Every structure is written in structure tokens, then in C-alpha cells.
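As the structure is a computational prediction, the values presented were derived from the model and not from experiment. We count ligands from 1, going down the list as the structure has it; atoms in each ligand are counted the same way.
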Amino acid sequence: MEYIKNRFFEKASKCITEYQRLKTEHGNKVIANITMEQVLSGMKGMPCLITDTSKLDAQEGIRFRGYSIPELREKLPRLRPEGEPLPEGLFYLMLIGELPEREDVLNISKDWATRAYVPQHVFDVIDAMPKISRPMTQFSAAIISMATDSIFQKAYRTGVNKKYYWDTTYEDVMNLIARLPRIAAYIYRRIYHNDDHIEPDPRLDWAGNLAHMMGHDSDEVKRLLRLYMVIHSDHEGGNVSAHATHLVGSALSNPYYAFGAGMLGLAGPLHGYANQEVIHWIFEMIQSLDTEEPTDEQIASYIKKTLEEGRVVPGYGHAVLRQTDPRFTAQQEFAAKYVKDDNLINIVNQIYRVAPPILEETGKIKNPWPNVDAFSGALLYHYGIKEYNFYTVMFGVSRSLGVLASLIVDRLYGLPIERPSSFTLGGFREMVEGKNAKGSC
Ligand code: CMX
């Protein structure tokens, strides 16, 4: 699929000059002030990362190369008119910066199908772990075990010129993305279906093949997974999985290591693991209230109890967003269109009515609205993927599209190793209170 790679190079290489020009002509310009609040609250809002694939707006939500989710659902090529766009098309858009033709998307599908072979030792690594290992542990270990195949790493060893790093990174990234559905499905079938594995079908698209290999081979599940893979793919550069991939990649670690680091970040409950926590929390609530159909008042009291216990309400809040996540809305619309009546989805919609005012009342939660994870589990569950401890792996498969497209871009621009400065608490105190200020540490 040389032409996709060439098209990327043609388009993106113009930006290398732009990157260099900004550095030389504007290197000493001040672009923002950093407040103590930002330092103390996880660097929120500091403009310090270059990510071209997508941009997040607090009110509007995510745009991928300028396109919102509703626009993508309208404009990206799909297999059938009534279906959802193929994630392959979004990968093309994120990498190259322009909407693909249908032919481009089908070609990426074919390319990934030919690259999808997973070496035996990767399955051996997975099989060596106890089945009770978390799916994300097995997934991350499988990913880093593939570094044996890294073309980038081999080229680096042989002393390739740094201006070609992007080329071997591209090859690793395409191989890695192509293999992820097979690896995810293998873990799923291993844990939940007694090692009864299903071979990939090379005629299927990337998301369709994941559904097939998981054993959920209906058109409905394939349609859902295409939507799922599109909406979870990227959320600009500062979220933990994207930033971790970029940071580790900045040391010129191979793409398998960089993405493995990103996946370990995604596995945290404040990030991607929240999609499992949402379902766990709802089931806990149903059990505690002793009813499958709780009233609004019962849900409100359970949310208050969760807050009183010093726990988070999973699926709600966001570090950047200050409105309902459009990824939540896309799934809600999907459910309204295709799902007639489902108890879990009804409860998710009920929580959406009840939770925001209660979260707002706390006075400290900056965003009382739902994020992507508030809806995704209920949809998967409805379509028969009920093993919710697996859901973060599915998020991870999707997240590869954005963070690995970014890694290719990082290498083409020749972005340097990332290395911000740290200070002691006393050091920061001195900055705001002066040299003579006294503190207890
Ligand atoms: N439930 C309870 N408390 C919450 C909360 C929630 N849903 N969201 C925020 N808060 C709390 C924070 O824990 C923090 O409390 P302290 O001051 O006691 O430390 C306070 O409100 C302020 O937090 P914030 O500035 O509004 O939010 P942050 O940017 O620090 O954190 C996030 C963002 C997503 C981690 C947080 O909203 C949260 O924990 N949500 C629940 C977990 C979740 O759904 N994560 C998934 C996010 C999407 C994704 O990455 O997949």
C-alpha cells in the first residue's frame, strides 16, 4: 500500500519546514502564562503538545482534522449506505489530513488484512499468563512482546538516517494496528470462551473482523463496532493514553513500546477503565437497591452515597469537556435508532437525567456531564458482549488509530525527546511567595 505512505509523505513533509520555521522565527515568543493552579492540578490547559490528528473543544467536543463526529458519520466512506463509516477512513483522515475516497478506505482494509498475521510467540506470551490476569495486562504484554518484529528498531540499530525514522515507524504502526483485533479477540476467547479461537476472515474490514473473531458475527455488532472504533480513536494529545504514547515515543522507543505505555495508561480507572467501572457501578447499584428498575429518586440517593463515600461516579466528568460528550450523544442516538427497549440502556439514560444536577451541587466537579464511557458499556452489553471486564481492551484497539497516526507524524517532524522541568514543593513555594517564605516541607 505504498501510495498511502507516499501520499502521507507528500502532504505532511510540507509541515516539517513549518515546524522548523516556527522554531527559528518564533522560538523566544511567549504564548501563555502558567499559573500555580495549573501546576497543582495536573497541567490542565497548558498549551505544550503538538498533535495534528484531532483537537478538543471544551464546549463542542472533539474534531478530527476539523471534522466533528456527526460530520464524520456523514462524510466518511461506509460499506453500505445504512451502515456506520469504516474506522480505516478515519485513520486515513487523521494521518493525511483529508477525507479519503472509498477506494482508499478499502485499500487500507486490504492492507491491514494482509498485515494481520500475529507471530506465535505473542500467543505464547498471552497463554503464559493466568486467565485471571486482567485483559488489559494480557493485551499490554502481547503488544510489547511484538517489539521483536520492530522494523524501526532494526533500522535504528543499523544506523539509518534520522530523516527516515518516520518510514519504518509507519511500517511498524500499520503492522501493529492490523494485528490488534486478532490479539484482542484471542484474549477474549481465551478468557470467556474456553480458548475456542476463531480465525480472522481476510475479506472483512478491520472492525468487522474484530466482531467476527470475538464470535459476535452479526451485522448489528459489526455496525456497532465500526461506530465504537471511530469515536474512541483519538481525543487530542494531552489525555493519558495519547500523551504516554507520545512521551515514550519521544525517546525513540519502538512503536510497540510506545503504544504499550499508552495502553497501561488507558487501563487506569480515571481514563479508559472507566468504561468497565460504569457497568460495575450500575450493577452494584441494582444489587444494593434490590431492583432492576430503580426510580429517579433511588438513583439520586445512590449517586449521593457514592460521593459521600469519597468515590467517583464513573462515566461523568472530564478534564477538558464542559458539556455532554458528543461521543456519548453519538451512542445515545445509535441506541435510540436501533435498540427498542433495554433495561441497562434505560438506566444509563435515567442517570443522564439525574446525575448532572447532583454533581453540579458539589461545587467542585467542573464538568457534571457524561463522557464517552457512560454509554459504551450498555450498548456492548445489549448486543451480547456482556463480559465488561474486557471493555477497556476494545477502547485500546480503537485508540491505536489516533495515537499511532500521531506517532508517525511525530517522527516525520522529528519532534525531540520530551523533558519538562520539575521542582520541589518548596521550589514552587519560593516562586510564588519569595525566597524568605517559610513552609513545613
Ligand atoms: N465523581 C466524583 N467526583 C468527581 C467526578 C465524578 N465523576 N469528576 C470529578 N470529580 C472530583 C475530582 O475527583 C476532584 O475532587 P478533589 O478536588 O477532591 O480531588 C474534583 O471533582 C475536581 O475535579 P475536576 O477538575 O472536575 O476533574 P479532573 O479534571 O481532575 O478529572 C476525571 C477528570 C475524568 C478524571 C474526573 O471527572 C473523574 O474522575 N470522572 C470519573 C471517571 C471517568 O469517567 N473517567 C473517564 C474519563 C474519560 C476517559 O478518559 O475515558
Original post:
Lys366 heavy atoms, cut-off 4.0 Å: which ligand 1 atoms fall inside?
Top reply: 25 (O), 26 (O)
**OP:** Go through ligand 1 atom by atom and flag the ones less than 4.0 Å from a non-hydrogen atom of Ala319.
**Re:** 29 (O), 33 (C)
Original post:
When you check the side-chain N and O atoms of Ser406 and Thr51, is any donor under 3.5 Å from an acceptor?
Top reply: no
Original post:
Counting distance only, does the side-chain N/O of Gln350 pair as donor-acceptor with the main-chain N or O of Pro294 below 3.5 Å?
Top reply: yes
Original post:
Which protein non-hydrogen atom lies closest to atom 16 (P) of ligand 1, naming both residue and atom, and how far is it?
Top reply: Lys364 NZ, 3.6 Å
Original post:
Can you list the residues that meet the salt bridge (Lys or Arg N to Asp or Glu O under 4.0 Å) rule with Lys44, with sequence neighbours excluded?
Top reply: none
Original post:
Measuring to protein heavy atoms, does anything land under 4.0 Å from atom 32 (C) of ligand 1?
Top reply: no
Subject >> For atom 30 (O) of ligand 1, the protein heavy atom that lies nearest, with its residue and separation >> reply: Lys44 NZ, 3.4 Å
Original post:
Does Asp410 reach the main-chain N or O of Leu415 with its side chain, forming a donor-acceptor pair under 3.5 Å?
Top reply: no
Subject >> Sub-4.0 Å heavy-atom approach of Ile365 to ligand 1 >> reply: yes
Original post:
Between Arg189 (side chain) and Met214 (backbone), is there a donor-acceptor pair under 3.5 Å?
Top reply: yes
Original post:
Counting N and O atoms only, with roles assigned by atom type, does the side chain of Arg190 sit under 3.5 Å from a partner on the main chain of Asp127, one being a donor and the other an acceptor?
Top reply: yes
**OP:** Looking only at protein heavy atoms, identify the closest one to atom 43 (C) of ligand 1 and say how far it is in Å.
**Re:** Ala274 CB, 3.6 Å
Original post:
Between Trp166 and Tyr170, what is the ring plane arrangement, given parallel below 30°, perpendicular above 60°, and tilted in between?
Top reply: perpendicular
Original post:
Considering only heavy atoms, which of Pro269, Pro368, Gly42, Ser241 lies nearest to atom 42 (C) of ligand 1?
Top reply: Pro269
Original post:
Which ligand 1 atoms, with their elements, are less than 4.0 angstrom from a heavy-atom of Val313?
Top reply: 1 (N), 2 (C), 6 (C), 7 (N), 41 (C)
Original post:
Hey, which atoms in ligand 1 end up nearer than 4.0 Å to a heavy atom of Gly315?
Top reply: 43 (C), 44 (O)
